[in-house]
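Working notes for the structure below.
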Amino acid sequence: MKKGIYNIIVISMLWPFACNEAFEPQPANDPEAIFENLWQAFDQQYAVFEERVVNWGELYEIYRPQVNSATTEEELHEVISNLLAHLDDGHVSLTARNREVFFSNKIRELQIEDELFDLGVVIGNYLEEDYSSGTEDSYVYGKIKDANIAYIYFDFVGDNFSVLDDFLSRYDQAKGYIIDLRHNSGGDFTHAFEAIGRFTSEPLYIFQSQTKDGPGGDDFTRWHQWFLLPRGKLVDKPIAVLTDRYTISAGERAVMALDALPSVTLIGDTTNGAHGTVIGRELANGWFYSLTVQKVMLANGKSLEGIGLAPDILVKNELSALQKGEDQVLERAITEIN
Amino acid sequence: MKRFFLISLLLFFCLQADLLAQKKVENQLSLALGMSHLKRQDLIFSPFPHQDLSLMQIGINYQRNSRLIHSIDLQVGLFAPGYQTPYEYEEEGDVKTATNDLFIFMNLDYRIGKYLVKHEKFNLEAGAALITKVQALNYVYGRIGNFGYHSTIGLGGYVNGSYQLSDKQKLSMGLQLPLMSWLARSPFSINDDEYIENTTQNSGIGTFFAFLADGQLATWDKLQYLDFDFHYEYLLNQKWSLKGQYGFSFIHVQVPRPMTSVQNNFNITGTLKF
């Protein structure tokens with residue numbers, strides 16, 4: 001109340017352009033202040049230190065001495081990148097002027113096995129010619145050649161999921177479906193939940209989540225439960241869901257929902273293990289970073305943050321086979337449905 | 001407290017019975033175009049003030065003078081603020097640009113009052129005001145974008161004073177501020193499960209009302225804001241006048257994290273009297 005009255009008096013008395021009194025102090029633009037600001041922001045808002053088995057305080061003791069007033073921009077970027085690398089979190093990144101984005105997750109940063117998925121191979125060698133696709137391949141769907149199986153791929157999780165109804169209508173005579181979420185970059189999982197409601201006749205409890213709502217280590221909202229709710233005409237056929245290490249964020253949450261269905265088999269590789277909501281922040285030197293502010297716990301009481309969802313059938317493409325036009329993960333899915 | 005706010009709102013609208021009064025009525029319709037400088041620091045999104053000078057400001061005002069003075073004011077502004085100038089970065093080999101934020105502000109105010117002093121040279125009017133601010137905020141952090149919102153519906157008062165410099169020239173000054181408000185604002189970590197659930201409405205209006213429903217009653221200790229206005233009016237003829245207008249808006253809120261917003265507006269306004 002006193003600060004409010006003080007603000008009104010200051011604003012009323014001072015020329016309107018000079019209202020700096022009302023603003024909060026800002027972090028300084030020097031290497032040490034920038035490091036402190038970033039470390040503290042994570043300390044107050046990053047939600048999954050425990051799940052990722054990271055002692056953030058210990059890391060401060062290791063990396064803070066490496067920064068002083070003479071630290072160059074190049075050196076500071078390296079120190080912060082090395083600090084963030086300990087989290088190995090697909091949702092944590094550092095963006096700087098004229099540099100490649102740094103990803104805390106080793107798989108994303110080094111693009112490990114990124115080349116083991118090629119949508120072009122799927123379209124060229126496995127789908128019949130009358131396939132459909134969205135803008136910039138936001139979705140691709142069609143019938144598998146020489147098989148009564150329909151395939152759909154989603155590049156991210158958003159309003160592109162609304163085409164699932166069209167897909168199911170067009171291929172309502174298929175004996176089974178393949179939903180490809182490999183290299184799915186995430187988005188808004190509620191779009192996936194809305195669409196996937198076609199596959200269940202009753203509400204299914206999928207996971208619960210809680211979000212940081214204060215600077216203290218235990219400052220979280222109450223757990224909020226998320227259910228997959230039935231919607232529209234029930235589709236009860238075998239479904240193979242394809243995943244890989246680049247299935248991340250809302251893509252993983254979509255996999256969680258699909259995995260709760262009795263008719264679904266997960267095929268491929270373990271997902272990335274980064275589920276919680278991500279936010280962006282900025283530093284005094286103009287760099288941006290992202291961090292996870294939410295915990296997610298599955299219906300079985302387990303958290304797969306930092307672990308990922310393991311497939312029912314582990315299959316990985318070989319580069320040599322893929323280069324010859326063979327998608328072994330997809331072929332296994334076709335075999336399973338047949 | 002919530003009940004008191006709702007009753008006050010109801011009484012406010014009940015006063016509109018004056019609109020049916022058949023005393024001498026003067027109407028005026030104004031269109032304002034101009035620019036605005038915004039400086040905003042919102043710790044939910046960033047510890048740094050984001051600034052922009054925007055030329056995209058438009059306003060419409062309808063005023064009816066009879067036994068009471070009624071005024072409806074709609075203002076819309078577009079801002080592209082940032083902390084630093086946009087720069088290029090690379091992601092998986094592609095060069096991308098870290099663009100500025102995008103804010104859309106809408107103010108919808110209703111005032112009802114009467115003259116306290118009505119003199120040949122000097123007028124003073126005062127009354128009650130319903131002050132609504134809806135602010136859609138898209139913060140951009142390079143490859144990450146986060147949507148935020150700040151909305152207030154305030155009940156308070158206003159005062160306007162005007163001084164007739166000559167037959168054709170007039171100076172006016174006004175102030176409005178709320179006594180209590182309904183505040184809906186982004187949560188501590190920008191979004192949480194309630195936020196996500198609200199956006200599943202998947203329609204702009206539905207989502208907006210869902211956000212509003214998750215708000216809280218805010219009194220002066222939590223939320224302070226005011227709007228100040230100063231203008232010079234020149235009467236072109238019996239029907240038309242032109243105004244040069246300066247406006248100042250200030251918002252300060254503490255929950256869930258401090259936010260301070262200062263806006264300086266400069267408008268040219270054309271007014272038709274009928």
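Atom set for the values below is all heavy atoms of this structure, side chains included, hydrogens, waters and symmetry mates excluded. Labels below follow one simple rule: chain letters A, B, ... track the order of the sequence lines, proteins then strands, and each chain is numbered from 1. Treat the numbers as computed from the prediction; the structure is a model and nothing was measured.
- Heavy-atom contacts from other residues, nucleotides or ligands closer than 6.0 Å to CD of A:Glu32 number more than 12.
- Heavy atoms closer than 4.5 Å to chain B are found in the side chain of A:Phe189, but not in its backbone.
- Heavy atoms closer than 4.5 Å to chain A are found in the backbone of B:Ile44, but not in its side chain.
- Taking 4.5 Å as the limit, some side-chain heavy atom of A:Glu24 sits within range of a side-chain heavy atom of B:Gln41.
- For B:Leu175, no part lies under 4.5 angstrom from a heavy atom of chain A.
- Here CD of A:Glu100 is found 7.5 Å from CD of B:Glu91. Values are rounded to the nearest 0.5 Å.
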> When you look at B:Glu92 and A:Val101, which way does the side-chain contact (heavy atoms from CB on, under 4.5 Å) test go after all the steps?
Replying inline: CA-CA 8 Å; B:Glu92 294 172 353; A:Val101 173; over 6 Å; no
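- A distance of 6.5 Å separates OH of B:Tyr83 from CD of A:Gln26, quoted to the nearest 0.5 Å.
- Note that the OH atom of B:Tyr141 and the CZ atom of A:Arg281 stand 6.0 Å from one another [nearest 0.5 Å].
- Minimum interatomic distance between A:Ser209 and B:Asp193 (heavy atoms only, all atoms of both residues): OG-OD1, 2.6 Å.
- Residue A:Gln210 touches chain B through its backbone alone, counting heavy-atom pairs closer than 4.5 Å.
- Using bins of under 30°, 30° to 60° and over 60° for the plane-to-plane angle, the ring pair A:Phe288/B:Tyr87 lands in the parallel bin.
- The side-chain heavy atoms of A:Trp226 and B:Ile196, taken from C-beta on, include a pair separated by under 4.5 Å.
- Looking at A:Ala47, there are no atoms closer than 4.5 Å to chain B (heavy atoms on both sides), in backbone or side chain.
- A 6.0 Å sphere centred on OH of B:Tyr232 holds more than 12 heavy atoms belonging to other residues, nucleotides or ligands.
- Heavy atoms closer than 4.5 Å to chain A are found in both the backbone and the side chain of B:Glu90.
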>> side-chain contact (heavy atoms from CB on, under 4.5 Å) for A:Gln45 and B:Phe188? Distances and angles first, verdict last.
In response: CA-CA 9 Å; A:Gln45 285 201 268; B:Phe188 181 88; 3.8 Å; yes
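- Interface residue A:Phe103: only side-chain heavy atoms are found under 4.5 Å from chain B.
- Between the OG1 atom in A:Thr277 and the CD1 atom in B:Ile190 there is a gap of 10.5 Å [rounded to 0.5 Å].
- Looking at B:Pro47, both its backbone and its side chain come within 4.5 Å of chain A, counting heavy atoms on both sides.
- Taking every heavy atom of both residues into account, A:Ile279 and B:Ser189 meet most closely at CG2-O, 3.4 Å.
- With values rounded to the nearest 0.5 angstrom, A:Asp188 atom CG is found 9.5 Å from B:Asn191 atom CG.
- For A:Ser104, there are no side-chain hydrogen bond (donor to acceptor under 3.5 Å, both in side chains) partners two or more places apart in sequence or in a different chain.
- Side-chain contact between B:Asp192 and A:Asp213 is absent, with no heavy atoms from C-beta onward closer than 4.5 Å.
- Residues forming a side-chain hydrogen bond (donor to acceptor under 3.5 Å, both in side chains) with B:Ser261 (at least two apart in sequence, or on another chain): B:Arg40.
- Neither the backbone nor the side chain of B:Val95 comes within contact range of chain A; no heavy atoms are under 4.5 Å apart.
- Residues B:Phe45 and A:Glu282 are not in side-chain contact: their nearest non-hydrogen atoms beyond the backbone lie 4.5 Å or more apart.
- Scanning all heavy atoms of the two residues, the minimum distance from B:Phe48 to A:Asn37 falls at CZ-OD1, 4.4 Å.
- Residue-environment remark: CE (A:Met297) exceeds the threshold of 12 foreign heavy atoms within 6.0 Å.
- Between the side chain of A:Thr95 and the backbone N or O of B:Gly142, no donor-acceptor pair lies under 3.5 Å.
- Looking at A:Asp159, there are no atoms closer than 4.5 Å to chain B (heavy atoms on both sides), in backbone or side chain.
- Nearest heavy-atom pair, A:Ser290 versus B:Arg143, reported as atom, atom and distance to 0.1 Å: OG-NH1, 4.3 Å.
- In this structure, A:Phe23 and B:Val262 approach most closely via the heavy-atom pair CZ-CG2, 4.0 Å.
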